[in-house]
There are 2 protein chains.
Amino acid sequence: MSARLDEIDRKILAELQEDAEQSLDEIARKVGSSKTPVWNRIRRMKEAGVIRRQTAILDPESLGLEACFFVLIRTSEHEADWQRRFLETLRARPEVLEAHRLAGDIDYILKVRVKNARAYDTFYQALISQVKIHNVTALLSMEEIKSETALPL
Amino acid sequence: MSARLDEIDRKILAELQEDAEQSLDEIARKVGSSKTPVWNRIRRMKEAGVIRRQTAILDPESLGLEACFFVLIRTSEHEADWQRRFLETLRARPEVLEAHRLAGDIDYILKVRVKNARAYDTFYQALISQVKIHNVTALLSMEEIKSETALPL
DNA sequence: AGTGAAATGCACAATTC
DNA sequence: GAATTGTGCATTTCACT
């Protein structure tokens with residue numbers, strides 16, 4: 001699964017992670033190459049799935065999304081059908097920004113962005129009404145110390 | 001802090017979140033407007049900080065980053081100096097993708113992306129050698145069910 | 001705040017080295 | 001695998017409504 005990338009590929013990825021609006025010329029200059037090879041490398045990395053997509057990062061506060069919760073979930077159900085419904089519910093809900101299945105005694109963790117505590121409760125009620133859940137702990141974020149989309153290269 | 005945005009602004013943001021590579025013409029067509037007004041709205045939203053930046057989303061697996069941990073941290077130290085050093089450490093470490101200060105008995109949560117369990121241990125050892133931490137629980141992700149950068153509008 | 005058009009610049013492709 | 005050139009499209013600006 002891991003693609004073979006050389007030093008220049010990694011530099012290009014670093015630039016694209018930092019600012020995807022830069023022109024090819026700028027990127028080429030910074031990585032010490034020129035337009036065409038950089039363009040070809042980017043195209044290949046998109047085809048290989050190394051570069052998934054390009055997106056705009058928005059400011060949650062500006063959109064009135066002032067509450068962020070991490071939700072730890074324990075369940076007693078481990079059947080295929082239960083899991084399918086649970087995953088569908090998570091994927092369908094736009095306030096769920098992240099969802100992971102975990103090893104250990106906590107089964108799932110979610111990251112949920114909402115307007116306020118009341119909006120979280122609405123989400124929570126909807127979730128437990130749709131799938132049976134044994135135990136839920138919500139951790140409320142007081143301060144976002146770091147929020148990074150750039151992966152370490 | 002919350003900006004006033006009309007229906008067209010929100011539609012533009014939705015398009016940019018989904019695919020920031022689209023041309024102005026395409027976005028304009030989809031939101032039922034035309035090039036110039038869309039361009040002006042985007043510029044204003046960038047100035048207002050609603051749109052923070054534009055970035056490439058990379059595939060962690062392709063980069064060999066196959067392990068993802070959520071780290072729950074309890075500390076006994078709550079002095080300003082300790083906190084400053086702790087935050088600096090987190091911000092300096094590129095494998096820390098998210099860090100939040102929490103309400104409740106768990107003080108911090110981190111999301112950490114690394115190559116493997118050994119790389120996590122290296123990070124962990126570095127962290128506890130730099131700042132005194134009372135209690136750490138690492139939750140290992142087995143499966144990324146959802147990973148979304150797009151905020152709900 | 002939106003339209004239409006005009007100009008600049010860039011992305012992309014083909015060709016050549 | 002990289003440089004050069006060229007075409008067309010996208011971005012950006014402006015004049016007008």
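Nothing here was measured: the structure is a model prediction, and the numbers come from that model.
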Rounded interatomic separation in angstrom, taking CZ from R29(B) and P from dA10(D):
11 Å
Closest-nucleotide 5' rank along DNA chain D - winner of K35(A) and R41(A)
R41(A)
Please determine, for the side chain of D25(B), which listed nucleotide (dA10(D), dT13(D), dT3(C)) has the closest atom?
dA10(D)
Atom pair distance, as rounded to whole Å: CD1 in I27(A) and P in dC12(C)
11 Å
dA1(C) C1' sits how many Å from R43(B) CZ, rounded?
12 Å
d(I51(B) CD1, R44(B) CZ) to nearest 0.5 Å is 10.5 Å
Would you say W82(B)'s side chain and K132(B)'s backbone share a donor-acceptor pair under 3.5 angstrom?
yes
Do the charged groups of E143(A) and R101(B) touch, with an N to O distance under 4.0 Å?
yes
Measure from CD1 on I42(A) to P on dA2(D) and round the result to the nearest Å.
13 Å
Over how many whole Å does the gap from Q22(B) atom CD to dA11(C) atom P extend?
17 Å
Check the distance between dC14(D)'s C1' and W39(B)'s CH2 and give it to me in whole angstrom.
11 Å
Gap between atoms CD and C1', on E21(B) and dC10(C) respectively (whole Å)
14 Å
Can you identify which nucleotide, out of dT3(C), dC12(C), dA1(C), has its nearest atom closest to the R44(B) side chain?
dA1(C)
Report which part of the nucleic acid L24(B) touches: base, sugar-phosphate, or nothing (heavy-atom distance under 4.0 Å, all strands).
base
Sugar-phosphate only, base, or nothing, as touched by P37(B) at under 4.0 Å among non-hydrogen atoms
base
Protein-nucleotide distance (I8(B), atom CD1; dG2(C), atom C1'), rounded to Å:
10 Å
Mind checking the CD1-CG spacing from I42(A) to L16(A)? Nearest 0.5 Å is all I need.
4.5 Å
The side chain of T36(A) lies closest to which of these nucleotides: dA14(C), dG2(C), dT12(D)?
dA14(C)
salt_bridge(K146(B), E148(B)) N-O dist < 4.0 Å
no
What's the closest nucleotide to the side chain of S23(A) if the choices are dC10(C), dA10(D), dT3(C)?
dC10(C)
